[in-house]
Amino acid sequence: MRKINMSLDVYDKILMLAKRRGFIYPSYEIYGGVAGLFDYGPLGAQLKQNIENLWRSYFLLQDGCFEIHTPTMTPFEVLKASGHVDEFTDLTVDCPQCATSFKVEDITKDSRTLEEAIQADDMNCPTCGTKLINPHQVNLMFATKIGIGKTRDAFLRPETAQGIFTGFHLLYRYAREKLPFGVVQLGKGYRNEVSPRQGPLRMREFSMAEAEVFFDPSNKNHERFAFVEDNMLLLFDNEKEMKLSLKEAVEKKVIKNQALAYYMFLTQSFLLDAGVKPEKFRFRKHADDEMAHYAQECWDAELYSERFGWVECVGIADRSAYDLSSHINSSGTDMYALRRYDEPQLTKRKKIIPKMNVLGPLYMQKAGAIKEALENYVITDETDEITVEINNEPIVVSSESYEIKEVMEKEIGEKFVPHVIEPSFGIDRIIYMLLEHNYKEGIKNDEEYHLISFRPHVAPVKTGVFPLINDDKLTSVAKNIDFSLRMDGIYTVYDDAGTIGRRYARMDEIGTPYCITIDFDSLSDKKVTIRDRDTTEQKRIPIDSISTYLKDLLESKEKVRV
RNA sequence: GCGGAUAUGAUCUAGUGGUUAUGAUCGUAGCUUCCCAAGCUAUGCACCCGGGUUCGAAUCCCGGUAUCCGCACCA
């Protein structure tokens, strides 16, 4: 008889189960393991794929975003422009008295460089005045080099978002130059965590699903807002939890705009649909001082863990024009969008047309620069000559070298940098939370019993297929049923070992929602028993309808109400 | 990164400076078994890594790695 070990908490038990049954376990353990790296085993990989595809059904199908894939390896310039190089790399010193760390740049108020400050070694703790020690670099990005010999500095990406921003001009074309539109990416991100202590909740290489939705800042409404505005959001303002409809939340300015509220609702729907327990779910608004360097308003979807308390699993941020502006400035690429006027606007303007056949021979190699200067010259009144400055040298150009024309200029719209609303999902955290929220245990016939109540559409294995006993007549029928179900796209496990109860228990432990048993009656009446994991109720159904019957069950997912 | 503790099959665990390292779960093969972890037989699998002390180290010591706890970090 196995006893429940009371000294273990849910986290310990889940990690044990996850390792034993092939969900998640530490990577490279035969070489000592690496903190913050985990393998997804056979069941974990299936589960993850189901979660990611469920996510796609919300963001790709329901919201109509485009999915792209960009490299994880990212040149230095990209992350310099995005602010990650500066924001992720901190020179820090510790206070032995207060047991806290400080950024050196916050401590050095004078004009010294950080290196000089370290060299002088005279920094004191702002709280207690103790001499600060142990200067060290805190760099949360993995640095690497691209190429052999002549190399380029690069990092493994800390988020997937930058790959979307750097292709914005092409994606804007793909979206037929209309806003809003969203682009999503599912993939790996990398952060060299100082001490990744919380298992799958803080990994150094992790899976994320991000959506970047581009808006005209003058209109952050969402087309489908009216369809969902009466739904409730579970909100927490750092003081109290509350339930507000989307409509109320936006009207009362609890949430800044429709788009943010809409994506919060999409996020909430996805998580509850995946099997997160509503009472262990909330949106928490970031205080001003905890927001990321790029964010304007940020809400976290937090999920509750028995061991860790409320954990951020999704961040929904209004990143405003921060990223695109940075890339426009750093790369010089035109990443503006156009807000079309209802009618094209015509304006009369006086324009200088340089005569190159005169300018060329006269000014030789300076002619090009003069041409450009003339074209940019703002005409105040008509004169016989214009003075332009080339390399700090005034040059007087007479009116023989140019012509002033009055032209009608047509402007069809106004250029602007789109704003971005970004829902960013930590897939691994969500998967751990699903395990924890759906884990059940108890004693059954003096034995410890585990069950994971995954919702059928996320469960890695959809059905077990068992001959009631290990008899050739039954096993051959069972194997045929098993094969044809898999050919119908239903992931099954065939099992003929041990008693039927043991096989049910094995399936319960990995969250398989249904089991099909073939008995001797099946040979004559062509029916099998289908057993429900949560109720253990059994029903007999014809063999030739198993596939459609199961598919109905797997697809008829009820919405979770809050 | 700092301080403390821990490390035995896939999982949980007993134990010891000296033959073949304990038990359970588990896997495999077989017997048995007509619906919720029955039983029997056979069999498989382990002392985290490196160094030191010792005639002999899985056991003692040191270092590393990993995990857990506290502090710091987590844009």
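Lettering of chains follows the sequences in order, A, B, ..., and the numbering in each one begins at 1.
- Residue Asn470(A) is classed as a base contact, given a heavy-atom separation below 4.0 Å to a base.
- The side chain of Lys19(A) approaches rU11(B) more closely than any other nucleotide in the set rC34(B), rU11(B), rC74(B).
- Contact check of residues 536-549 of chain A against RNA chain B (heavy atom, cut-off under 4.0 Å) returns Thr536(A), Gln538(A).
- Distance from the side chain of Met16(A) is smallest for rU11(B) among the nucleotides rU11(B), rA66(B), rC74(B).
- Considering only side-chain atoms of Leu140(A), the nucleotide from rA66(B), rC74(B), rA37(B) that sits closest is rC74(B).
- Of all nucleotides listed (rC12(B), rC35(B), rA37(B)), rC35(B) comes nearest to the side chain of Thr529(A).
- For His84(A), taking side-chain heavy atoms from C-beta onward, the closest of the listed nucleotides rA75(B), rG27(B), rC35(B) is rA75(B).
- Between the side chain of Arg202(A) and the base of rC73(B) there is at least one donor-acceptor pair of N/O atoms closer than 3.5 Å.
- The salt bridge (Lys or Arg N to Asp or Glu O under 4.0 Å) analysis of residues 534-543 of chain A, with sequence neighbours excluded, yields the pairs Asp519(A)-Arg540(A), Asp525(A)-Arg540(A).
- Of the two residues near RNA chain B, Pro26(A) and Glu193(A), the one whose nearest nucleotide lies more 5' is Pro26(A).
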Output side-chain donor-acceptor pairs under 3.5 Å for residues 28-35 of chain A, partner residues at least two apart or in another chain, one line each.
{"residue": "Glu29(A)", "atom": "OE1", "partner": "Lys19(A)", "partner atom": "NZ", "Å": "3.1"}
{"residue": "Glu29(A)", "atom": "OE2", "partner": "Lys19(A)", "partner atom": "NZ", "Å": "3.2"}

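- Residues His286(A) and Glu297(A) have side chains that never bring a donor and an acceptor to within less than 3.5 angstrom of each other.
- Ring-centre distance between Phe23(A) and Tyr25(A): not below the 6.0 Å cut-off.
- Inter-residue side-chain proximity for Thr70(A) and Arg157(A) is flagged as met; some heavy-atom pair is nearer than 4.5 Å.
- Checked by distance alone, Arg531(A) brings a side-chain donor or acceptor within 3.5 Å of a matching partner on the base of rC36(B).
- With both ends at atom P, the span from rG18(B) to rC61(B) equals 15 Å, rounded to whole Å.
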Step by step, work out the salt bridge (charged side-chain N to carboxylate O under 4.0 Å, His left out) result for Glu509(A) and Lys13(A). CA-CA 12 Å; Glu509(A) 193 175 39; Lys13(A) 290 176 190 168; over 6 Å; no

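- Between the C1' atoms of rA37(B) and rG27(B), the separation comes to 16 Å (whole Å).
- With rounding to whole Å, Arg506(A) atom CZ is found 10 Å from rG27(B) atom C1'.
- Comparing the P positions of rU6(B) and rA10(B) gives a spacing of 23 Å, expressed to the nearest Å.
- Taking the six-membered ring wherever Trp is involved, the centroid distance between the rings of Phe483(A) and Tyr494(A) does not fall below 6.0 Å.
- As rounded to the nearest Å, rG56(B) and rG51(B) have P atoms that lie 15 Å from one another.
- Rounded to whole Å, atom P of rC36(B) lies 21 Å from atom CD of Glu448(A).
- Applying the salt bridge (charged side-chain N to carboxylate O under 4.0 Å, His left out) test to Arg191(A) and every residue at least two apart in sequence or in another chain returns nothing.
- Between rC68(B), rC34(B), rU67(B), one nucleotide has an atom nearer to the side chain of Tyr11(A) than all others, and that is rC68(B).
- When the nucleotides rA37(B), rA75(B), rC35(B) are ranked by their closest atom to the side chain of Thr499(A), rA37(B) comes out on top.
- Closest to the side chain of Asp519(A), from the set rA75(B), rG70(B), rC34(B), is rC34(B).
- Closest to the side chain of Pro158(A), from the set rA75(B), rC36(B), rU25(B), is rA75(B).
- Taking the six-membered ring wherever Trp is involved, the centroid distance between the rings of Phe425(A) and Phe59(A) falls below 6.0 Å.
- Residue whose closest nucleotide on RNA chain B sits further toward the 5' end, between Gly199(A) and Thr517(A): Thr517(A).
- Note on Arg506(A) versus Asp495(A): salt bridge recorded, some NZ/NE/NH1/NH2 to OD/OE distance being below 4.0 Å.
- For CZ of Arg307(A), the number of neighbouring non-hydrogen atoms (other residues, nucleotides, ligands) closer than 6.0 Å is greater than 12.
- One C1' atom belongs to rC36(B), the other to rC48(B), and the distance between them is 39 Å to the nearest Å.
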Anything under 3.5 Å between a protein N or O and an N or O of nucleotides 28-31 of chain B, put it in a table, one pair a line.
none

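- In this structure, the nucleotide among rC26(B), rC34(B), rC12(B) sitting nearest to the side chain of Phe520(A) is rC34(B).
- Using atom P as the reference point in both rA75(B) and rU59(B), the two lie 42 Å apart (nearest Å).
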Before giving the answer on salt bridge (charged side-chain N to carboxylate O under 4.0 Å, His left out), spell out for Glu193(A) and Arg204(A) the whole-Å C-alpha distance, their side-chain angles and the decisive distance to 0.1 Å. CA-CA 6 Å; Glu193(A) 300 285 355; Arg204(A) 287 184 162 131; over 6 Å; no

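- Non-hydrogen atoms lying under 4.0 Å from RNA chain B are contributed by Arg307(A), all within residues 297-330 of chain A.
- Counting all heavy atoms, side chain and backbone alike, Lys527(A) lies closest to Ser522(A) at O-OG, 2.7 Å.
- As judged by a 4.0 angstrom heavy-atom cut-off over every strand, Arg503(A) is placed among residues making no nucleic acid contact.
- Few gaps surround NZ on Lys440(A); more than 12 heavy atoms of other groups in view lie less than 6.0 Å from it.
- Judged by distance alone, with hydrogens and angles left aside, Tyr504(A) brings a side-chain donor or acceptor within reach of the base of rC35(B), the pair sitting under 3.5 Å.
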